[in-house]
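A quick write-up on the structure given underneath.
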Amino acid sequence: MKIGIVCYPTYGGSGVLATELGMALSLKGHEVHFVTSHQPVKLNFLNPNLFYHEVFMEDYPLFHYQPYELALSSKLVQVVEKYELEILHVHYAIPHAYAAYMAKQMLKQKGIDIPIVTTLHGTDITLVGSHPVYKAAVEFSINNSDMVTTVSESLRSDTLRLFTIYNRIEVIYNFIDFDKQKDWHDDDCLRETLADPDEKIIAHVSNFRPVKRVLDVIKTFYQIQKKIPSKLLMVGDGPDREKTEVLAKKLGIKEKIIFLGKSDEVRKILCFTDLFLLPSETESFGLAALEAMAARTPVISTNTGGLPEVNLQGKTGYLSEVGDIDDMAKNAIYILEDEKRLEDFKDRAYAFAQKFSIENILPKYEKLYELVVK
Ligand code: GMT
């Protein structure tokens with residue numbers, strides 16, 4: 001099949017997922033065309049079935065904001081026509097679903113009928129999409145997609161609650177490619193470079209936006225390190241990073257926290273991590289939690305959004321109310337204080353992550369494509 005993929009190419013769950021999906025589809029013989037503003041960070045061109053088309057913008061003194069949707073929909077028209085694409089799969093509703101709808105209408109006038117699959121990822125519904133500024137356009141694009149998917153049951157319910165939807169919504173969970181994990185060997189795991197042998201390693205990975213509640217990571221770790229000798233790895237960057245460093249300093253634990261910034265080596269970091277912290281305000285799925293579990297790391301998270309579908313209470317980790325630092329710290333200490341218990345949690349986290357293996361999820365997208373192309 002010839003598939004066009006539209007996504008945000010920078011760091012962030014939806015872009016990572018879309019890129020991994022496109023690469024996996026291309027390895028299965030599909031011809032995949034990425035149409036994005038920049039080259040997706042994780043795109044690996046070692047496959048002849050992969051193509052990348054950059055959406056160029058043309059500045060003009062009259063424009064206060066450059067009209068990206070217009071440039072994207074025009075580019076989509078060109079690419080669909082030139083490469084005879086059979087389907088467009090857009091990730092993150094704003095503005096991708098809207099631009100794809102416009103492209104579809106333009107192509108209709110040329111006698112081409114291209115189906116559109118829209119995958120909703122989270123904040124495009126919960127935080128940004130339902131805001132009155134965007135709501136009408138988002139609702140319209142969802143209802144006018146040929147197929148809509150969400151990455152969790154929870155996001156499906158949120159979409160139905162926040163918008164008037166008359167289109168069917170399928171849930172297709174995010175996935176993890178375990179084959180890529182096999183490249184990692186214990187010898188690569190240079191744990192001793194970061195912590196003493198008696199210390200546990202705790203990690204958090206995110207884009208440090210307010211929704212991630214990174215200050216709760218520091219506050220939770222503050223309580224943990226009082227009971228368990230440990231180090232905290234903070235991976236990623238974003239608007240709240242400075243605040244976390246200030247708080248860590250204020251609490252006198254800065255030397256126990258390593259800020260690694262944005263990293264392409266998250267798997268390498270996770271291989272020596274004992275526990276993952278994800279205290280988000282809202283999280284439609286929590287791909288970061290799944291990545292941790294796939295690396296045998298139990299998760300302490302909040303119980304918001306789709307997290308209970310990924311992290312199982314008392315099995316793969318624990319879930320607390322948003323902002324309940326005491327509970328998150330108590331649960332983390334409970335897991336870390338007993339070696340056998342920690343190993344059991346690690347085993348169960350890894351086992352449950354298999355449910356989301358790419359082998360289980362990819363065929364669901366392929367089936368969906370076949371359905372809409374027919
Ligand atoms: O919140 C992020 O890290 C980025 C954001 C995105 O769309 O790029 O992530 C959302 O999509 C991810 C992939 O489907 C989900 O795993 C995240 O839970 C979701 N983030 C939120 O709902 C806050």
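As the structure lists them, so they are numbered: ligands from 1, and atoms in each ligand from 1. Along the sequence shown, the residues carry numbers beginning at 1.
- Residue Leu17 places no heavy atom under 4.0 Å from ligand 1.
- Put simply, no part of Glu281 is less than 4.0 Å from ligand 1, judged by heavy atoms.
- Each of Thr123, Thr119, Thr118 was scored for a side chain to side chain donor-acceptor pair (under 3.5 Å) with Tyr92, with one residue passing: Thr123.
- Those atoms of ligand 1 with a heavy atom of Gly122 less than 4.0 angstrom away are 22 (O).
- Ring orientation note: the planes of Phe345 and Tyr334 are nearly perpendicular, at an angle over 60° on the 30°/60° scale.
- Within 6.0 Å of atom NZ in Lys364, 12 or fewer heavy atoms from other residues, nucleotides or ligands are found, so the atom counts as exposed in its surroundings.
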Could you go through the ring pair (Phe, Tyr, Trp, His ring centres under 6.0 Å) check for Tyr8 and His96 one step at a time?
CA-CA 9 Å; Tyr8 280 107; His96 302 148; 4.5 Å; yes
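- On a distance-only criterion, Gly13 and ligand 1 share at least one N/O pair closer than 3.5 Å.
- Within ligand 1, the atoms closer than 4.0 Å to a non-hydrogen atom of Val151 are 14 (O), numbered from 1 in the order shown.
- In the displayed structure, Glu366 atom CD is contacted under 6.0 Å by more than 12 heavy atoms of other residues, nucleotides or ligands.
- The atoms of ligand 1 that sit less than 4.0 Å from any heavy atom of Ser284 are 15 (C), 17 (C), 18 (O), 19 (C), 21 (C), 22 (O).
- At least one heavy atom of Lys212 sits less than 4.0 Å from an atom of ligand 1.
- For ligand 1, the atoms sitting less than 4.0 Å from at least one non-hydrogen atom of Thr282 are 23 (C), numbered in the order shown with element in parentheses.
- Remark: Ile300 CD1 to Leu277 CG distance equals 7.0 Å, nearest 0.5 Å.
- The environment of Tyr52 atom OH is dense: over 12 non-hydrogen atoms of other residues, nucleotides or ligands sit within 6.0 angstrom.
- Below 4.0 Å from some heavy atom of Tyr92 lie the following atoms of ligand 1, by number and element: 7 (O).
- Of the options Ala289, Cys7, Ser14, the smallest heavy-atom separation from atom 8 (O) of ligand 1 is shown by Ser14.
- Listed by number with element, the atoms of ligand 1 under 4.0 angstrom from any heavy atom of Leu287 are 16 (O).
- Checked by distance only, ligand 1 and Thr126 stay at 3.5 Å or farther apart across all their nitrogen or oxygen atoms.
- Proximity of Thr126 to Ser284: side-chain heavy atoms (C-beta onward) are nowhere separated by under 4.5 Å.
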